[in-house]
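Structure first, commentary second.
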Amino acid sequence: MKILLFGKNGQVGWELQRSLAPLGEVIAVDRVGVDGLCGDLSDLDCLQRTVRAVQPQVIVNAAAYTAVDLAETDVAAAYRINAEAPGVLARAAAQHDALLVHYSTDYVFDGSGERPWREDDAPAPLSVYGRTKLEGEQAIRASSCRHLIFRTSWVYAARGDNFAKAMLRLAVEQDELRAINDQLGAPTGADLLADVTAHAIRWVVLANDGSAASGIYHLASAGEASWFDYARFVLAHAQQKGRVLKVAPQQVRAIPASAYPGSARRPHNSRLDCTRLRQTFGLALPPWQSGMTRMLDEIL
């Protein structure tokens, strides 16, 4: 199997290079490109040439415009990368009879309600980022290519920047730490996303009818937390590992999202119902605490 991976140096793309390797030949590119192949999602013509040159059986797009607040003013770039580029890749996948794997977000929903979001719930994004990600999903579905779209939330990894690392740094540098307590979701490891992706690709390409499995799947760790819960968990584990902190876990202050400045509106309810994914692919998704503990043990 030949797999073309975009976004190789991002949190998810880095883990995908590991998880996809046993499936076959992985050609991984990023914005800079490699060996004449283009990985820049803002260069739509080059994306088509790259797919044509590689002739992959599977295309995995782990690249995106993820600067949520900046997207409110940098609309054209966010639209090109999150909406237009996935459409280009989807049409190329359809032409070459390739499977396209793409990642989307809980931000396609408005964050209302008290239950986890299902795949068939009506999207209503609050931000430019959410709208462009939704349009990317729609472009893929309109292409009629075989596809797997994984919506996820609150992604972290040992590589790169994330909320947990920020909390650890601030708890050492500052005398006070605040975290939002009225937004709920599930911290989800890039390694979990990558491992589930590899399993799903193998299931679709090698074991079953890919067209029957095409569609949108919610993919996040089990359980839920607020950013306040998340911060306290991180600091408590750091204390257990002997890290000296200025702010103890019990000293973190809970604040509402309205007290946190930001250009983009964020959903209050980011919980995702992953029943469809578990039933389709026969998977069990671990609680968010287990993945977070593993990541913290790696970086502390």
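Residues: numbered from 1 along the sequence shown.
Other residues, nucleotides and ligands place no more than 12 heavy atoms under 6.0 Å from the CZ atom of R31. The environment of CD in E114 is sparse: at most 12 heavy-atom neighbours from other residues, nucleotides or ligands sit within 6.0 Å. Around CG of D161, the count of heavy atoms belonging to other residues, nucleotides or ligands within 6.0 Å does not exceed 12. Within 6.0 Å of CZ in R169 there are more than 12 heavy atoms belonging to other residues, nucleotides or ligands. By the neighbour-count criterion of 12 heavy atoms within 6.0 Å, atom CZ of R141 is sparsely surrounded, having that number or fewer from other residues, nucleotides or ligands.
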- Query: Can R151 and E119 be said to form a salt bridge (Lys or Arg N to Asp or Glu O under 4.0 Å), step by step?
  - Reply: CA-CA 9 Å; R151 289 178 183 151; E119 290 86 352; over 6 Å; no
- Report the C-alpha distance between I201 and V60 in whole Å, list the side-chain angles of each, state the deciding distance to 0.1 Å, and finish with yes or no for side-chain contact (heavy atoms from CB on, under 4.5 Å). CA-CA 10 Å; I201 289 173; V60 181; 4.0 Å; yes
- Task: List the steps, then state whether salt bridge (Lys or Arg N to Asp or Glu O under 4.0 Å) holds for D191 with R18.
- Result: CA-CA 9 Å; D191 54 349; R18 169 192 55 78; 5.8 Å; no
- Task: Just do the side chain to side chain donor-acceptor pair (under 3.5 Å) check on S270 and D106 with the steps written out, would you?
- Result: CA-CA 6 Å; S270 290; D106 59 285; 2.6 Å; yes
- D121 vs R115, salt bridge (Lys or Arg N to Asp or Glu O under 4.0 Å): CA-CA, chis, key distance, verdict: CA-CA 11 Å; D121 286 326; R115 65 165 177 81; 2.9 Å; yes
- Item | Criterion side-chain contact (heavy atoms from CB on, under 4.5 Å) on L99 and I59, from CA distance to verdict | CA-CA 6 Å; L99 170 69; I59 302 169; over 6 Å; no
- Message: Would W117 and R271 count as a side-chain contact (heavy atoms from CB on, under 4.5 Å) here? Give the steps.
- Response: CA-CA 6 Å; W117 294 95; R271 292 170 290 193; 5.6 Å; no
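Panel note: side chain S221, backbone P187; a donor-acceptor pair is recorded below 3.5 Å. A donor-acceptor pair is defined here as one N or O able to donate and one able to accept, closer than 3.5 Å; such a pair exists between the side chain of K133 and the backbone of Y103. Without hydrogens or angle criteria, Q251 side chain to E176 main chain gives no donor-acceptor distance under 3.5 Å. Counting only distance, with no hydrogens or angles, the side chain of N61 and the backbone of V101 share no donor-acceptor pair below 3.5 Å. Side-chain atoms of Y217 come within 3.5 Å of backbone N or O of A213 as a donor-acceptor pair. Between the side chain of T152 and the backbone N or O of T105 there is no donor-acceptor pair closer than 3.5 Å. Here the side chain of S42 pairs no donor or acceptor atom with the backbone of D40 at under 3.5 angstrom. With hydrogens and angles ignored, the 3.5 Å screen pairs no side-chain donor or acceptor of T280 with any backbone N or O of L277. The backbone N or O of H147 sits less than 3.5 Å from a side-chain atom of S214, completing a donor-acceptor pair. A donor-acceptor pair under 3.5 Å is formed between the side chain of R146 and the backbone N or O of D97.
In this structure, L100 is a member of the same hydrophobic cluster as V29, with clusters built from ILVMFWY side-chain heavy atoms closer than 4.5 Å. Taken together through direct or relayed side-chain contacts under 4.5 Å among Ile, Leu, Val, Met, Phe, Trp and Tyr, V68 and L272 form parts of separate hydrophobic clusters. Under the 4.5 Å side-chain heavy-atom criterion for grouping Ile, Leu, Val, Met, Phe, Trp and Tyr, L89 is not connected to L134 through any hydrophobic cluster.
For H218 and D273, the side-chain atoms include no donor-acceptor pair closer than 3.5 Å. In this model, a donor atom of one side chain and an acceptor atom of the other lie less than 3.5 Å apart for T132 and N82. A donor and an acceptor atom, one from each side chain of H237 and D297, are located under 3.5 Å apart.
Residues Q240 and R243 are not in side-chain contact: their nearest non-hydrogen atoms beyond the backbone lie 4.5 Å or more apart. Here the side chains of L285 and L219 are in contact, with some heavy-atom distance below 4.5 Å.
To the nearest 0.5 angstrom, I3 atom CD1 is 8.5 Å from Q57 atom CD. Between the CD1 atom of I149 and the CD1 atom of I216 there is a distance of 4.5 Å, given to the nearest 0.5 Å. How far CZ of R80 is from CG of L44: 4.0 Å, rounded to the nearest 0.5 Å. Atom NE2 of residue H268 and atom CD1 of residue I180 lie 9.0 Å apart, to the nearest 0.5 angstrom. In this structure, L4 CG and H96 NE2 are separated by 10.5 Å, a value rounded to the nearest 0.5 Å. One distance of note links CZ of R265 with CG of D69; it measures 13.5 Å at 0.5 Å rounding.
The distance between the ring centers of Y156 and F163 does not fall below 6.0 angstrom. Ring centroids of W288 and W154 are separated by 6.0 Å or more, keeping the two rings apart. Aromatic rings from Y65 and Y79 are positioned such that their centres are separated by 6.0 Å or more.
Contact record, R266 with A264: NH1-O, 3.2 Å, taken as the closest heavy-atom pair. Nearest heavy-atom pair, Q183 versus P267, reported as atom, atom and distance to 0.1 Å: CG-O, 3.8 Å. Closest non-hydrogen pair, A254 versus N181, comes out as CB-ND2, 3.5 Å.
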